[in-house]
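Here's the structure we're looking at; comments come further down.
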Amino acid sequence: MEAARRGDVAAFNRLVDAYQSLAYNVAYRTLGQAETAADATQDAFLAAFRGIREFRGASFRAWLLRIVVNTCYDCLRRQRRRPADSLEALVEQEHAGEPLDPSPGPERTALQRETAALIQRLLDELPAEQRLAVVLCDVQGLSYEEAAEALAVPLGTVKSRLARGRAQLRDALAARGELPSRPRRLQSDEDGAPP
Amino acid sequence: MTTDPRHLDLEQLSALIDDRLEPEARPTAEAHLASCAVCQQELADLRATAGMLRTLPVLQPPRSFRLPEPRPARPSGRRPLALWLRAASGLAAAVFVLLLIGDLLAPSTGPRSAPSAAAPATAPRAAPALRAAPAAPEGGQPAGQQSSPPAASATPASAATPQPDISRDTGRPSPAIFSLRVGQVLAAALAIGLFVASLLLTRPGRPAGPA
């Protein structure tokens, strides 16, 4: 880390090796497009290298994720200005990348490809702020504190964004009969009805 | 979303999933959950949603995001050539110095005052210097090291014989001195040229920093 802070590219590349999967997966789940996510990840690592002297915090992971998050926000703003780009990129969406672990353990059972694609589509529909909270806390398993640092918001804001994001996803999954906590017939009966 | 004040609100339910409900709110919340089927279902649905998100596959990045590292040395084309050029330049500079010494020694023992007597004394002195400095080609062939052997074999003869000429021709240097001077100029030009060439080869090859 010290060598990387002195501008040693080889040392920084060891950090890239350690964190590139996390950074790319956060970018992909936030942006929903493989190529855009790869570009955003590359930009984030470049920005991190340029700014690594300013890193004073305890968690490099949270500091790096903050840069990734900002890069993702930039991408989303650009997409909003040029919607044609995101339409083009939508074609690539199927080729997001191969799962890293083809034979996951019993705890982390892989979802069916279709379900994973559905969840990604539902994530794309969330407001960006809620999406990032969900991606960091649920998909990547960050603590509230780390997510707060990465998002540069107070802890309470993380909690409320996460809760609203989860609720919207729950409603969307229930509407499609995809929630395992409910039998399919029950879900269609109670579709959208708050308790 | 739960709006009924009797039920747990969304943030409480969400925090319960992560076991992050404030300790002071926990007993009330747990007591309510135990008796409220609606909140139990809400909690189960949210937990299932979070569970599905946690089991999303981790994707392999499509490429490496390592930054380009500056290479410590140039690949084996330019660097050895530049080193050779520099070595040749050093050799040519040494030849120049030796020729200069030879040139300085020749007139200092100059046979102007006693031409015929001094001639044998001058020739042995000049000859070793010239033999050690093998780059005074009479024809002026600036072909680096290759020109040295013929020059070395040519100089003893030209240094030994023309010494007496100095006394005869007072205005012009003798052919030996002339060839010494030509050799100096050629050696200096060669040294400078080779050095500049080696610099030109190494300068554009500097590795670029991270882009």
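For clarity, every value in this text was computed on a predicted model and none was experimentally measured.
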Point to revise | Heavy-atom pairs under 4.5 Å with chain B, option from A:Arg29, A:Arg14, A:Gln140 with the top count | key: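 Among the listed options, the one with the most contacts to chain B is A:Arg29.
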Would you name the heavy atoms of [X] and [Y] that are closest together and state the gap between them?
{"X": "A:Gln42", "Y": "B:Arg66", "value": "NE2-O, 4.4 Å"}
{"X": "A:Pro180", "Y": "B:Met52", "value": "CD-SD, 3.7 Å"}
{"X": "B:Leu56", "Y": "A:Leu123", "value": "CD1-CD1, 4.3 Å"}
{"X": "B:Pro61", "Y": "A:Tyr24", "value": "CA-CD2, 3.7 Å"}
{"X": "A:Val9", "Y": "B:Pro68", "value": "CG1-O, 3.6 Å"}
{"X": "A:Leu179", "Y": "B:Ala48", "value": "CD2-CB, 3.9 Å"}

Point to revise | Results of side-chain contact (heavy atoms from CB on, under 4.5 Å) for B:Ala93 - residues two or more places apart only | key: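 Partners of B:Ala93 under the side-chain contact (heavy atoms from CB on, under 4.5 Å) test: B:Ala191.
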Exercise for review: Determine which residues belonging to residues 126-134 of chain A lie within contact range of chain B, meaning some heavy atom pair is under 4.5 Å apart, and list them by number or answer 'none'.
Suggested key: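 Answer by number: A:Val134.
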Check your understanding: Which residue pairs satisfy the ring-ring contact (aromatic ring centres under 6.0 Å, His included) criterion with at least one member in residues 12-59 of chain B, sequence neighbours excluded?
Key ->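 Applying ring-ring contact (aromatic ring centres under 6.0 Å, His included) to every pair that reaches into residues 12-59 of chain B, excluding sequence neighbours, yields B:His7-B:His32.
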Check your understanding: So, does A:Asp138 use its side chain to make a donor-acceptor pair with the main chain of B:Ala50 at under 3.5 Å?
Key ->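 Not confirmed, A:Asp138 side chain does not pair with B:Ala50 backbone.
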Quick one: what part of [X] sits under 4.5 Å from any heavy atom of chain B, side chain, backbone, both or neither?
{"X": "A:Asp43", "value": "neither"}
{"X": "A:Leu118", "value": "neither"}
{"X": "A:Asp8", "value": "neither"}

Could you grab the distance from atom [atom1] of [X] to atom [atom2] of [Y], nearest 0.5 Å is fine?
{"X": "B:Arg20", "Y": "A:Leu162", "atom1": "CZ", "atom2": "CG", "answer": "11.0 Å"}
{"X": "B:Leu53", "Y": "A:Leu173", "atom1": "CG", "atom2": "CG", "answer": "7.5 Å"}
{"X": "B:Phe65", "Y": "A:Asp39", "atom1": "CZ", "atom2": "CG", "answer": "8.5 Å"}
{"X": "A:Leu169", "Y": "B:Leu46", "atom1": "CG", "atom2": "CG", "answer": "10.0 Å"}

Counting only pairs under 3.5 Å, give me each side-chain donor-acceptor contact of residues 11-19 of chain B, with atom names and distances, residues two or more places apart or in other chains.
{"from": "B:Gln12", "atom 1": "OE1", "to": "B:Asp9", "atom 2": "N", "distance (Å)": "3.1"}
{"from": "B:Ser14", "atom 1": "OG", "to": "A:Arg166", "atom 2": "NH1", "distance (Å)": "2.7"}
{"from": "B:Asp18", "atom 1": "OD1", "to": "A:Arg166", "atom 2": "NH2", "distance (Å)": "3.0"}
{"from": "B:Asp18", "atom 1": "OD1", "to": "B:Arg54", "atom 2": "NH2", "distance (Å)": "2.9"}
{"from": "B:Asp18", "atom 1": "OD2", "to": "A:Tyr144", "atom 2": "OH", "distance (Å)": "2.3"}
{"from": "B:Asp18", "atom 1": "OD2", "to": "A:Arg166", "atom 2": "NH1", "distance (Å)": "3.1"}
{"from": "B:Asp18", "atom 1": "OD2", "to": "A:Arg166", "atom 2": "NH2", "distance (Å)": "3.0"}
{"from": "B:Asp19", "atom 1": "OD1", "to": "B:Arg26", "atom 2": "NH1", "distance (Å)": "3.1"}
{"from": "B:Asp19", "atom 1": "OD1", "to": "B:Arg26", "atom 2": "NH2", "distance (Å)": "3.1"}

